[in-house]
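A short write-up of the structure that comes next.
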Amino acid sequence: MLLHLGAVQLDVDSKKNTPWHSLAPRTRVLCTLLLVFAIALTPNGRWWTWAIYGLGVLTIIRLSRVTGTVLLKRIAVEFAFIGAVLLGTLFREGGEVIWSWGPLRITTVGLMVLGSVTLKAMLSLIILNVLTLTTSIPALLNALVALRVPPLLVAILASMYRYIGVLIGEFNAMRRAAASRNLMGSNRWQRLVIGNMMGSLFIRTYERGDRVYQAMLARGYQGLPPVEKMPPGGRNDMIALTLTIILALIGQAIYLL
């Protein structure tokens with residue numbers, strides 16, 4: 001194993017036996033990145049192109065048989081963070097004014113940009129979540145190493161996942177301590193306490209990170225995560241990559257027509 005990563009279970013569907021799971025992890029990563037880049041680089045307003053990419057994403061969902069409720073919950077949480085950014089695209093200048101209130105104006109261009117960016121974000125989030133749900137974290141990190149991703153970046157990602165459970169535990173312990181001392185009163189007081197807790201958590205994280213790093217050096221850590229043997233790519237992997245490239249090219253061809 002690359003390392004024991006038991007902090008948070010992100011890969012809840014990684015043990016299934018499906019055509020998508022039969023692909024090598026690096027093939028899944030490459031197919032996902034090809035689709036994400038094709039979706040993101042498509043100009044605004046190319047609805048037929050995104051319809052084709054949407055069919056490709058739905059096909060992967062069907063082949064991987066991911067748990068629908070888990071996928072929807074994750075997308076809903078992630079979409080909540082980018083919702084404010086997406087809403088800002090609605091008030092762009094240009095085109096015909098549909099609604100106005102003072103300085104705020106909703107135009108046809110704003111609606112087109114909002115719809116385009118929302119589709120891009122939605123399709124990208126779906127395919128990325130399918131990848132993380134169906135690929136174990138050690139296999140995903142090994143795939144990144146095999147694809148020549150900078151080893152330092154892979155080590156940072158591995159450490160983040162390994163110790164996120166420790167950070168959550170520390171924060172919950174601090175929250176329980178504050179609640180036992182009746183410090184979680186009014187909303188204003190709660191914000192003050194949580195702000196102090198975040199600052200204290202940052203200091204604890206820095207100190208613990210230094211201790212963990214020194215312990216890793218004492219055990220022979222050289223800055224590179226150990227890599228287990230990766231499954232070789234076969235015929236199915238080549239077919240999957242070829243079909244993904246063809247799908248991306250068809251979408252871009254429709255955009256150019």
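The shortest distance between side-chain heavy atoms of Leu125 and Ile82 falls below 4.5 Å. For the pair Leu241/Cys31, a side-chain contact is recorded, criterion being any heavy-atom separation below 4.5 Å from C-beta on.
The minimum heavy-atom distance linking Ser116 with Gly45 is given by the pair OG-N, 2.9 Å. Considering all non-hydrogen atoms of both residues, Ser14 and Ser136 come closest at CB-N, 3.7 Å. Of all heavy-atom pairs spanning Leu144 and Val29, the tightest one is CD2-CG1, 4.4 Å. Nearest heavy-atom pair across Gly251 and Ile52 is CA-CD1, 4.5 Å. Of all the heavy atoms in Ala24 and Asp237, the pair that sits closest is N-OD2, 2.8 Å. Looking at every heavy atom in both residues, Leu247 comes nearest to Gly56 through CD2-CA, 3.7 Å.
A side chain to side chain donor-acceptor pair (under 3.5 Å) check over residues 120-134, counting only residues at least two apart or in different chains, returns the pairs Trp20-Thr134, Glu78-Asn129.
Contacts of Thr59 classified as side chain to side chain donor-acceptor pair (under 3.5 Å), with partners at least two apart in sequence or in another chain: none. Qualifying side chain to side chain donor-acceptor pair (under 3.5 Å) partners for Thr32, counting only residues two or more places apart in sequence or in other chains: none.
Not a single donor-acceptor pair under 3.5 Å links the side chain of Thr118 to the backbone N or O of Gly115. A donor-acceptor distance shorter than 3.5 angstrom exists from the side chain of Arg28 to the backbone of His21, with no hydrogens or angles considered.
Interatomic distance, Arg219 CZ to Leu217 CG, rounded to the nearest 0.5 Å: 10.5 Å. Within the model, atoms OG of Ser64 and CD1 of Ile127 stand 8.0 Å from one another, a figure rounded to the nearest 0.5 Å. In this structure, Leu34 CG and Thr244 OG1 are separated by 6.5 Å, a value rounded to the nearest 0.5 Å. Atom CD1 of residue Ile61 and atom CG of residue Leu133 lie 10.0 Å apart, to the nearest 0.5 angstrom. Once rounded to the nearest 0.5 Å, the distance linking CG of Leu147 with CG of Leu33 reads 8.0 Å. Between the CG atom in Leu119 and the CG atom in Asn44 there is a gap of 10.5 Å [rounded to 0.5 Å].
Under the 4.5 Å side-chain contact rule for hydrophobic residues, Phe79 and Tyr53 share a cluster. Under the 4.5 Å side-chain heavy-atom criterion for ILVMFWY residues, no single connected hydrophobic cluster contains both Met238 and Leu30. When hydrophobic clusters are built by joining Ile, Leu, Val, Met, Phe, Trp and Tyr residues whose side-chain heavy atoms come closer than 4.5 Å, directly or via intermediates, Val66 is grouped together with Val12. In the hydrophobic clustering of this structure, Leu55 does not group with Ile246; members are Ile, Leu, Val, Met, Phe, Trp, Tyr whose side-chain heavy atoms approach within less than 4.5 Å, directly or through other members. Tracing side-chain contacts under 4.5 Å through hydrophobic residues (I, L, V, M, F, W, Y), one never reaches Leu72 starting from Val130; they form parts of separate clusters.
Dense packing is recorded around CZ of Arg211, with more than 12 heavy atoms of other residues, nucleotides or ligands lying under 6.0 Å away. The number of heavy atoms from other shown groups lying within 6.0 Å of NZ (Lys73) does not exceed 12. Applying the 6.0 Å contact sphere to CG of Asp210 captures more than 12 heavy atoms from other residues, nucleotides or ligands. Remark: Trp47 CH2 is packed, more than 12 non-hydrogen atoms of other residues, nucleotides or ligands lying under 6.0 Å away.
Side-chain atoms of Gln252 and Thr49 include no donor-acceptor pair closer than 3.5 Å. Between Arg65 and Thr18, the side chains place no donor N or O within less than 3.5 Å of an acceptor N or O (distance only, hydrogens not considered).
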Side chain to side chain contact (heavy atoms under 4.5 Å, CB included) assessment of Leu157 paired with Val149: CA-CA 11 Å; Leu157 293 174; Val149 174; over 6 Å; no
